[in-house]
**Student:** 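Below: one structure in structure tokens.
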Amino acid sequence: MRHSHALQVGPVAFRLGSEWRQPIEALKQLYAGYPAPDGPCDFTVRLEAETPWRRWLRPAVAIRGDYTLPDAVPMALAHGLLAAEMGMNLQMALGQKRYLLLHASSVERDGKALLMTGASGSGKSTLSAILGEQGWRFMGDEFALLDMDDGRLHPFPRAVSLKNQAVLVLEEIVGGDRFGPVLRNTPKGTIRHLRPNEEAVARMREPARPVLILFPQYGRGLQAAVRPVGQAEIFVRLTQASTNYVALGEPGYGALCRLVTGTPARAIDYSSTEAALTLIDGLWGEFA
Amino acid sequence: MRDAALLVAALREPRSAERLGAGEWTSLISMARAESLMGSLAYRLQGLALPEKVERLLEDARNDAEQVRRQALWEAEMARRALAPLGVPVLLLKGTAYAAAGVSAGLGRSIGDLDILVPRESLGKVETALLGAGWEWVKEDAYDDLYYRRWMHELPPLIHRERDRMIDVHHTILPLTARSTPDASALIADSVSLESGLRVLSPPDMIVHAAAHLFADGDLAGGLRNLWDIDRMLREFRTRDGFWSSLGDRARLHQLGREVSRALRLAEDLYGTPVDRRLAGRRASFDRLFKRRLLARNGWGQTTDKPLRLAFYARSHWLRMPPLMLARHLWTKARK
């Protein structure tokens, strides 16, 4: 393809190709400092014109690759970086078969990992990004990779995808040069990507043992609270948070059982970042 | 990487892969995934001295193929249970058949829908039994439904409401409107029973079906995979007594002699398959185009050679139905 770039994120290597220059340039800038793959790539992502003339005329970026969703809606070229990110997510969701993939964020401290999962808007992504700036090692905000053999979590520190209010929160904390361009009017509103800090990138090949699972829930005016969650519920919620649980069959089931039975879990309600951080601090002291 | 020759070379001569660089591996993997040959390739390259990263990717592909196989066999068992009370022969076709029969073409093979074949006169009963066991219609379109029932060799696809898996119920192996008319009752009469009670086509008929699927139906999409099936089966079955002559007989019986000969020639050309010279026949001028079409994929996994692909797409419709009917079909489809 005309423009391309290869990227190592945790244990996974991507090859990205594009018919346009812009998405690849944006990607190179956002992922500056990331290592190049030291061997073949796990997945290929292609950003192609939906039809030949859509390369120039109202450019429409179709997200394709080793794995492709047949009915995916093409994106505007201005959102090319987002298309590249979605393309990598798609390969992982459909093609990753080595790790049990959990739609969750994770951070690490003292070799132990905190796993946070929840619906979109729960704040798991924002909280992991904030913790990553406050003494924790950021491991990932989108996917946590559970090793089915030894139960450890592998980092997958892609750029954090910040949405709407979360952009402002992180802009307060982090310096400007780690942010990608502001992408307005995407299907998910305003999005701005944040490159994880140097430590997160330098230690991207270092797995950690999960010691606490949290299900955060954000709500305006929601009373700060910690609630127990039964193991059956944790199990079901994690199967729903996994994109490849069914495809992995028995090994995936076994790995998830071990994670659920071996890791304490709590649901937390919060209405402000401070409240959430206080709760996390307390629970970490209790369980880690 | 302008065409899929790299993939064909790795399948044909696995040791050639030991010399590949990182970039070539990435291309090879993308092509193999695009052609649904990743699992087959992973088994083919097993045991070679390969870079650690490659070894991991191939191991993942083998594990995945094993899971795909297990799911496919389970789905076949579900259909068997649903249809057992009817007492009609149920034949597995294509990928599930290879897996169930334990033939080497099944090793690492991708398997999508469950394809079965039943006697045409039992279609109604079979349909009712499947609907009663949790399968549902996928298409709710009157024209498509009627089209399938009147002209196709299968029922409109059904999907299971809980397991989300599709089943294609065939009563023969080519559309009724195709140029050739295979002898469906002979397919069933010669079929082989498995331990489960399910049946598979006899070895020569398996190959005839694969050749029909490749050259008499469809636009050759996924053709490298189908031709690989044929290569594996020919290598496995050719040592049996009288195999080549019975393959020739069955091909003639099903009016698919031309397709089988072409399959033999192309398998020999691309995969180095040992074939019977007389049955393969002389090289035809179109062989070159078929070969180019089969290889029309680049190192990014993209399809190439648009005009040729389009030509084969047009051919697939041409083969499928007579001109007047084709015109009417396209007209109806376009108005929807």
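Note on naming: letters A, B, ... go to the chains in the order of the sequence lines (proteins, then strands), and numbering restarts at 1 for each one.
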**Student:** Looking at chain A, which one of Lys53(B), Glu52(B), Arg56(B) has the largest number of heavy-atom pairs inside 4.5 Å, strictly under?
**Tutor:** Arg56(B)
**Student:** In the structure I gave you, are the side-chain heavy atoms of Arg15(A) and Ser30(B) within less than 4.5 Å of one another anywhere?
**Tutor:** yes
**Student:** Has Tyr245(A) got more than 12 heavy atoms of other residues, nucleotides or ligands less than 6.0 Å from its OH?
**Tutor:**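 Yes.
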**Student:** Counting only heavy atoms not in Trp53(A), do more than 12 sit closer than 6.0 Å to its CH2 atom?
**Tutor:** no
**Student:** If you count the non-hydrogen atoms of other residues, nucleotides and ligands that lie under 6.0 Å from OH in Tyr143(B), is the total more than 12?
**Tutor:** yes
**Student:** Examine whether an atom of Ala6(A) lies under 4.5 Å from a heavy atom of chain B, and if so say whether it belongs to the side chain, the backbone or both; otherwise answer neither.
**Tutor:** neither
**Student:** Do you know the tightest heavy-atom contact between Arg33(B) and Asp42(A)?
**Tutor:** NH1-O, 2.6 Å
**Student:** Under 4.5 Å, heavy atom to heavy atom, which residues of residues 94-101 of chain A contact chain B?
**Tutor:** Lys97(A), Arg98(A), Tyr99(A)
**Student:** Is it the case that more than 12 heavy atoms not belonging to Arg205(A) sit under 6.0 Å from its CZ atom?
**Tutor:**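 It does: Arg205(A) CZ has more than 12 such atoms within range.
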**Student:** Is Glu66(B) in contact with chain A via its backbone, its side chain, both, or neither, using a 4.5 Å heavy-atom distance?
**Tutor:** neither
**Student:** I need the residue from Lys306(B), Glu59(B), Glu24(B) with the largest number of non-hydrogen atom pairs under 4.5 Å to chain A.
**Tutor:** Glu59(B)
**Student:** Given side chains that start at C-beta, do those of Gln302(B) and Arg64(A) come closer than 4.5 Å, heavy atoms only?
**Tutor:** no
**Student:** Quick one: closest heavy-atom pair of Gly39(A) and Ala22(B), and the distance?
**Tutor:** C-CB, 3.7 Å
**Student:** Is atom CZ of Arg163(B) surrounded by more than 12 heavy atoms (other residues, nucleotides or ligands) closer than 6.0 Å?
**Tutor:**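 Enclosed: over 12 neighbouring heavy atoms sit under 6.0 Å from CZ of Arg163(B).
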**Student:** Under 3.5 Å, which donor-acceptor pairs do the side chains of residues 218-227 of chain B form with other protein atoms, sequence neighbours left out?
**Tutor:**
| residue | atom | partner | partner atom | Å |
| --- | --- | --- | --- | --- |
| Asp219(B) | OD1 | Ala221(B) | N | 3.1 |
| Arg225(B) | NH1 | Ser110(B) | OG | 2.7 |

**Student:** Can you give me the closest heavy-atom contact between Trp300(B) and Thr44(A), atom names plus distance?
**Tutor:**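 Scanning both residues, the minimum pair turns out to be CE3-CG2, 3.5 Å.
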**Student:** Measure distances from Asp64(B) to the heavy atoms of chain A and classify the residue's part below 4.5 Å as side chain, backbone, both or neither.
**Tutor:**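 Contact with chain A: side chain only.
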**Student:** Does CD in Glu18(B) sit with more than 12 non-hydrogen atoms of other residues, nucleotides or ligands closer than 6.0 Å?
**Tutor:**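 It does: Glu18(B) CD has more than 12 such atoms within range.
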**Student:** Provide the closest heavy-atom pair for Thr26(B) versus Cys41(A) in the form atom of the first, atom of the second, distance.
**Tutor:** OG1-N, 2.9 Å
**Student:** Which atoms of Phe43(A) are under 4.5 Å from chain B, going by heavy atoms: the side chain, the backbone, both sets, or neither?
**Tutor:**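 Contact with chain B is through both the backbone and side chain of Phe43(A).
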**Student:** Would one find more than 12 heavy atoms of other residues, nucleotides or ligands at under 6.0 Å from atom CE of Met78(B)?
**Tutor:** yes
